[in-house]
2 protein chains.
Amino acid sequence: MARTSLQCRECKKQYDTAFKYICDDCFGPLDVKYDFPTVTKDTFSNREQSYWRYFELLPIEDKSNIVSIDAGMTPLTKAENLGKKLGLNNLYIKNDSVNPTFSFKDRPAGVAISKAKEFGLSAVGCASTGNLASATAAHAAKGGFPCHVFAPSNIEMAKIAQALSYGANYVAVDGTYDDANRIAAQIGDSKGIGIVNINMRSHYVEGSKTLAYEVAEQLDWNVPDQLIVPVGSGAMLNAICKGFEELESISLLNDVSNMMHLRKIPKR
Amino acid sequence: MARTSLQCRECKKQYDTAFKYICDDCFGPLDVKYDFPTVTKDTFSNREQSYWRYFELLPIEDKSNIVSIDAGMTPLTKAENLGKKLGLNNLYIKNDSVNPTFSFKDRPAGVAISKAKEFGLSAVGCASTGNLASATAAHAAKGGFPCHVFAPSNIEMAKIAQALSYGANYVAVDGTYDDANRIAAQIGDSKGIGIVNINMRSHYVEGSKTLAYEVAEQLDWNVPDQLIVPVGSGAMLNAICKGFEELESISLLNDVSNMMHLRKIPKR
């Protein structure tokens, strides 16, 4: 039996997991719902040094579908000097810049492309102006997928050079990043291409929460009192919050008294 | 008793380890000579995930002098796709771009600055046009040293922005990289500043050999048949060769039949 299902964030309608991301009834976004197996801290302690050590908490049914470039388990570095300057005794920096393609995007892209393999899709892609293109192209190359990167035609080539080096196809869109997203969505849906940040989004966003899992494990299963998270679309912030909440829900955290400090993202 | 001494590469004169890098008699460069303690594969297997796991093979006498930013133990990634294209079944890439300051220079800079601490120096620096400046500045910040980066005055600021972010002092030299080296050497020697790639060079070059140690350990203590190494000054190539030869000399390698393939650098 499948470990995951999909549920509409708006009307709560449930679906079996499938290559879909929008509710048939109300057009709300679909979220992954889990039936987590029993895990303990020991489940993870001696595993591979990548975010796939948390396999049981990720939306892939079969380990053979994992497409991994060994991303994650990046250093959590105590910033002594900066901490002193700021008057903070326990300041840590999670250094996701040393992921294989140099950004946290290796987390969501890897989960999305593994799921694309599980769905049996024949091609993948993304709309991106940089980091996501690199992460998607690297995982696509590893998984043997053709990869289509949709980006504005006036983008600096330096921003997609890394993706091109992994063999991605650059689809130059005569318009803005929003236009590139729109065209990627249309082509993805009509051709059955897994666009990681659009029609694979329900699974894609699940990858980012592994950053929270790692921080907790690296702090010996404790949660920081305060978190500072860069906010682009807000997706990573939401995912990190979800990660800590999930660890709390399956009783992996030592002390949850500071969980109240994690400000929840208001529901739409 | 000290584990290391210095020896002139030319006339072979020996010296106790000290803050010096040139032979008093013949002006030849000084190399570190070791009295390696007995080590086995098990000595290293459960240690920290940085190149300091090889402490016994590095020229620092006292562990308390280590200035570490957790560099090294970078991934050795099997390049399946590239290997297929090139007709190679066992092609691996050692990814030193995911070191803390993004290059292999964290290896020599870290050893040099640890040795500067052991020598009791009060400041450090380097002549550099980029990567070494970042690595030196990061280790200097960690060790609490003032850091002086000597570079041509017409350098693109992007190349030293990272060093500046670690608090380094940029000494803009009106001339070439060679001129910057010359001025750094003069100021370093007259002011007692440890210039990592000049007057600390005997110890500095020892850091780079850890790349070879890691490759051997990651291949379960085997040596690759062929190595492709980028050659700038040739220092890294030499150091990597030295690393494998040292592992052979202390009997840590499983099979040394392919060591003959390692082409030795001709002596000057």
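Quick note on labels: first sequence line is chain A, next is B, and so on, each numbered from 1. What's counted below: heavy atoms across the whole structure, side chains too, no hydrogens, waters or symmetry copies.
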Counting heavy atoms not belonging to [X], are there more than 12 under 6.0 Å from its [atom1]?
X	atom1	answer
B:Ile228	CD1	no
B:Lys191	NZ	no
B:Lys85	NZ	no
B:Asn46	CG	no
A:Lys242	NZ	yes

- Query: Who wins among B:Pro75, B:Ala141, B:Pro100 for the most heavy-atom pairs under 4.5 Å with chain A?
  - Reply: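 Of the candidates given, the most pairs with chain A belong to B:Ala141.
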
- Query: B:Val98 and A:Asn99: which non-hydrogen atoms are nearest, and at how many Å?
  - Reply: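 Looking at all heavy atoms of both residues, the closest pair is CG1-O, 3.8 Å.
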
- Specify the closest pair of heavy atoms between A:Lys78 and B:Lys142, including all atoms of both residues, with the distance to one decimal.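 Residues A:Lys78 and B:Lys142, closest heavy atoms: O-NZ, 4.5 Å.
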
- What part of A:Thr77 gets closer than 4.5 Å to chain B, counting heavy atoms only: side chain, backbone, both or neither?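 Neither part.
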
- Task: Report yes if some heavy atom in the side chain of B:Asn81 is under 4.5 Å from a heavy atom in the side chain of A:Tyr166; otherwise report no.
- Result: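 Contact flag for B:Asn81/A:Tyr166 side chains = no.
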
